[in-house]
Amino acid sequence: MQRTAKLWLLIGLAAYAVLPWYMVPGGFWSFGWLQAWSADARPALVWALGGHAWLLAPVIGLLGAALALATTRGLALARALVVSGALGLLLMAGQGLAILGNRARFEALDGLTQPGMGAGALLVAAALLFILTTGISGLGRGRGDVFITGMVGAIVALVGVFVFYPMSFILIRAFELRGGAGLGVSEFLPRFLAPDIWSIACLLGTGYCGAAMNSLLLGLATATGTTIMGLAFALIFTRTAFPAKRFLRVLTILPIITPPFVIGLVLILLFGRSGTITEFFSDAFGWEKTRWLYGFWGVWLAQMLSFTPIAFLVLIGVVEGVNPSVEEASQTLDANRWQTFRFVSLPLMRPGLANAFLLGFIESLADFGNPLVLGGNFNVLSTEIYFAIVGTVADPAKAAILSLTLLSMTLGAFLAQRTWLGKKNYATVTGKGDSGQHAGLNPALRWACYALALPWALFTMVLYALIMFGSFVKLWGYDHTLTLEHYRRAFGIVVRNGVHLTGSAWDSFLTTLTIAAIAAPLTAAVGLATAYLLVRQKFAGKDAFEFSTMLSFAIPGTVIGVAYVMAFNFPPIELTGTGLILIIVFIFRNMPVGVRGGIAAMSQLDRSLDEASVTLGASSATTLRRVILPLMGPAILAALTYSFVRAITSVSAVIFLVSARYNMATSFIVGRVENGEFGIAIAYAAVLIVTMLLAILALQLLIGRRKLRRADRLQAT
Amino acid sequence: MKGSVRFENVTKRFGDVVALKPLSLDITPGTLVTLLGPSGCGKTTTLRLIAGLESASEGRILIGGQDVTHLSATYRAVSMVFQSYALFPHMSVLENVGYGLRVKGMPKSEVKARAEHGLEQVGLKGFGERLPSELSGGQQQRVAVARAIVLEPEVLLLDEPLSNLDAKLRRHVREEIRQIQQQLGLTAVYVTHDQEEAMAVSDRIIVMKNAEIAQEGTPQDLYDRPASAFIADFIGDANLLDVEICRSGQDTEIVLLDRKLTLPVQSAATGAAQMVLRPHDIRLERSPAPDRLPAKIVYAAWLGNTVQYTLATEAGSIFVIAPPQADPFCTGDTVYLAFDPQKVRLVTS
Ligand SMILES: Nc1ncnc2c1ncn2[C@@H]1O[C@H](COP(=O)(O)OP(=O)(O)O)[C@@H](O)[C@H]1O
Ligand SMILES: [Mg+2]
């Protein structure tokens with residue numbers, strides 16, 4: 001305990017005395033601050049003595065810890081460390097929140113300003129945090145393991161700063177009064193309950209519905225549709241002898257690596273007013289060209305295409321998980337195949353169906369790309385939030401209120417799912433090798449599944465073929481001459497006196513890949529570390545910890561984007577316009593999946609393996625590195641792949657956070673779509689899809705190779 | 001003192017479940033002590049508390065005279081052999097055995113030499129390059145032991161180390177473990193629920209029941225002087241007969257089914273008690289006598305070296321192990337039970 005505390009104390013003091021306290025222009029790694037050391041890039045110590053007296057606050061914690069280390073031992077020292085660490089953090093946060101970039105929050109401090117915190121502040125905060133957690137371990141918590149309490153502390157702090165802190169801004173700004181008159185509840189309820197949010201006029205046939213109503217209806221329709229489709233695919237996969245299963249599997253993966261609005265785009269090119277198919281029917285049968293696609297049905301169709309694979313992935317696990325012996329038992333009791341399915345298998349799949357439904361519901365509510373492209377007059381919450389921020393009349397309070405509405409819906413669904421699944425546990429996967437065969441489907445059901453799924457698969461296939469096709473023609477719908485023009489304009493390379501990337505997409509493409517490549521391992525690390533703590537460690541407040549790490553799963557991207565813009569646009573933490581904020585938003589948005597995957601994988605590793613390692617004298621950190629990580633290859637691969645893909649394809653949160661310097665692929669494509677440059681947009685999307693496929697393959701090769709020599713025995717042997 | 005283990009009123013709760021009531025124990029260095037008791041009585045919990053895998057809810061734990069209550073498992077000089085062996089499946093046998101040395105930062109060549117020596121000690125020389133999954137159960141078990149002992153721990157912990165082996169192998173492996181422990185002079189704490197295993201390997205046995213210690217002592221102590229009916233029944237087979245103690249003291253006078261008997265054994269108090277009769281200590285006679293109980297043979301099993309009888313008496317069913325006779329009794333025979341009053345024990349129920 002002492003050594004760790006001393007180490008962090010030294011780091012904290014050094015950072016306080018040497019590193020620039022505030023953000024420096026050009027970023028820390030440019031080391032430009034070395035020249036400006038006496039100016040803007042002054043360390044806290046110099047600032048504090050030269051006018052920013054409030055910067056003496058954080059060092060109180062460090063000095064307290066130093067005093068404690070010099071004078072006491074044992075439990076008393078542990079307590080003193082806890083107190084000094086906590087005090088230091090509180091004081092530091094206090095001064096940061098009280099004195100902002102352009103003003104102070106309280107009148108007493110009028111006239112004081114300071115920029116956003118930088119490297120020095122970050123390290124001092126880390127030092128205080130770890131002094132605190134070291135003290136906690138000294139009190140015997142977390143089995144007295146410094147590493148464990150430190151890890152818990154770090155994750156709690158990160159989630160606190162990057163999930164709860166920004167979300168609190170949404171909560172506060174929802175109560176903002178018009179005209180900058182401060183905060184109050186008087187306007188909140190009327191605005192929250194306003195008809196443009198909740199109206200049900202469309203159901204009554206008297207006008208448009210409110211955005212929340214639209215979102216709700218769309219969510220229910222999409223969830224129902226994707227669950228049924230997903231079930232049909234899952235049944236075909238597990239209970240029939242359909243010949244082209246592998247091919248189906250690829251088709252169901254494709255939409256996951258497709259940027260979200262690309263499907264909407266292709267639908268427009270097919271079914272829009274001047275879409276290929278619309279034109280065809282108009283010419284051949286004289287059908288009227290309508291704008292049916294721009295509204296509920298268009299968005300629904302696009303979401304069905306986008307989210308069916310997710311339902312499938314959830315359901316295939318569940319359908320496979322139904323113990324074959326149960327089905328065989330039913331058949332030996334003289335039930336026919338339909339009865340077996342109806343009365344045995346289906347009820348056992350019920351939790352999975354609920355899971356798929358709720359996932360579809362949440363995804364649909366959070367979806368931003370498809371409604372943006374296809375919504376027309378059909379307003380949903382996620383797009384309304386966007387327009388409340390970037391529209392002609394920016395109205396942050398409205399955005400906050402809409403965000404609250406959306407958040408309460410997704411959170412409600414999330415909680416409903418947890419309660420529901422918490423109560424019923426039908427799992428029949430025992431870990432014993434259940435031999436036996438799943439009952440086949442009876443013919444009627446089999447054909448029903450085929451009838452649903454196969455045209456759908458065909459449709460998806462056609463869409464993807466068209467994406468490729470569309471990227472190679474001059475102007476889809478009008479001029480189908482083949483051309484490489486779009487690729488040249490987007491990804492042109494000129495070799496003359498060196499290589500020049502002249503294409504307009506290169507910038508955003510490289511930024512996207514870089515940021516995704518940085519974010520993916522960090523996301524996997526944070527997710528798996530959290531999973532490790534949840535599965536393997538015991539500590540007070542574990543349930544709350546688990547819940548808060550899963551929370552960001554229920555926060556739609558648009559909402560988190562808005563929250564980040566509101567929270568990180570000014571000191572104490574000023575990140576907008578940096579690449580860092582993009583990395584951070586990806587980490588915390590995608591972390592829950594890493595956590596889930598990690599939990600699943602770690603639960604299959606016999607706990608005595610890490611206990612053996614620890615009793616053999618390895619520290620928790622060594623155990624994690626030498627024993628657990630090597631045995632978790634597949635889970636790491638999944639987490640890496642997922643976060644990489646999500647970082648490339650996500651648009652909703654990112655669209656608020658990109659800047660001229662750090663533009664992302666998706667927001668670049670959205671820009672092209674808004675300008676009507678469909679060709680480039682599609683070409684770009686095609687390149688992204690291929691890139692991601694290659695990246696996934698590369699990851700598989702890289703990590704898949706280093707598998708256990710005997711991968712089949714993960715149990716302790 | 002190096003190798004000693006001491007619990008001072010240690011308790012352990014998991015939420016509402018009390019896994020260990022206030023428990024104090026002292027383990028002498030260099031001895032093998034067994035924690036014995038039925039499943040769920042808190043043996044594993046006790047062991048994990050020594051290892052530092054659980055932290056005590058209350059009380060102090062001392063190892064080698066040092067307070068380790070708040071010390072994490074990594075830093076305790078304790079090694080453990082797990083019930084599942086917990087061999088790392090991605091490391092070779094040699095890497096497994098050398099793991100503890102390697103994470104301590106010992107040079108590679110020395111790690112290898114010591115790990116090989118460890119394998120030799122358990123008779124697995126030359127198996128170093130294999131993966132654990134390429135060994136038999138008994139070999140895996142020995143690798144787990146080797147991995148624990150190369151660290152030269154102050155205390156070696158073994159949690160039901162034989163439970164995954166087949167019956168024949170168990171006897172062999174337990175003798176090996178005992179030999180290694182004695183050769184190296186290790187303090188060992190051994191958990192089992194099998195009383196025969198416990199008797200065979202232990203210097204002392206701590207019998208646990210319902211999250212506390214029921215009795216502790218040498219195997220012979222427990223067999224000869226059980227403190228309760230539970231111990232009498234658990235350590236060796238015993239017939240328990242309800243009696244009434246009417247006079248206590250140097251010689252005890254008891255009433256067994258209207259028969260008054262005087263026994264040359266100590267007893268504390270008068271009142272209801274139980275008489276412990278070991279199956280080996282009962283003789284079956286053909287003729288009645290005042291201090292002989294009449295009984296009827298319900299079942300007789302001839303096992304070669306012994307004959308086992310189940311008898312029905314007025315005091316209940318009684319189990320007897322008799323040496324083989326030329327003329328064994330048959331089911332339905334009436335016999336008379338005789339026993340040596342010296343060998344009878346009285347316990348409170
Ligand atoms: N991690 C745990 N959480 C809750 N209860 C536990 C836990 N570990 C053990 N117990 C309970 O403590 C009691 C003692 O368990 P244990 O020490 O494993 O018994 P055994 O003597 O069979 O080894 C049991 O009732 C068990 O259910
Ligand atoms: Mg046990």
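Naming: A, B, ... by sequence-line order, numbering from 1 per chain.
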Count the heavy atoms belonging to other residues, nucleotides or ligands that lie under 6.0 Å from [atom1] of [X], then report whether that count exceeds 12.
X	atom1	result
A/F547	CZ	yes
B/K125	NZ	no
B/K112	NZ	no
B/E8	CD	yes

Handout entry: Any B/F82 side-chain heavy atom under 4.5 Å of A/D606 side chain
Key = no
Handout entry: B/Y99 side chain near A/R626 side chain, heavy-atom distance below 4.5 Å
Key = yes
Exercise for the section: Quick one: do A/L616 and B/V103 satisfy side chain to side chain contact (heavy atoms under 4.5 Å, CB included)? Show the steps, please. Expected result: CA-CA 8 Å; A/L616 290 169; B/V103 298; 5.7 Å; no
Could you tell me which non-hydrogen atom of [X] sits nearest to which non-hydrogen atom of [Y], and how far apart they are?
X	Y	result
B/K104	A/G617	NZ-CA, 4.3 Å
A/L609	B/L87	CD2-O, 3.3 Å
B/T74	A/S620	OG1-N, 4.4 Å

Exercise for the section: Could you look at B/R147 and say if it's the side chain, the backbone, both or neither that has a heavy atom under 4.5 Å from chain A? Expected result: both
Handout entry: Top contributor to chain A interface from B/L151, B/T69, B/L101 [non-hydrogen pairs under 4.5 Å]
Key = B/L151
Exercise for the section: To the nearest 0.5 angstrom, please state how far the OH atom of B/Y85 sits from the OG atom of A/S608. Expected result: 11.5 Å
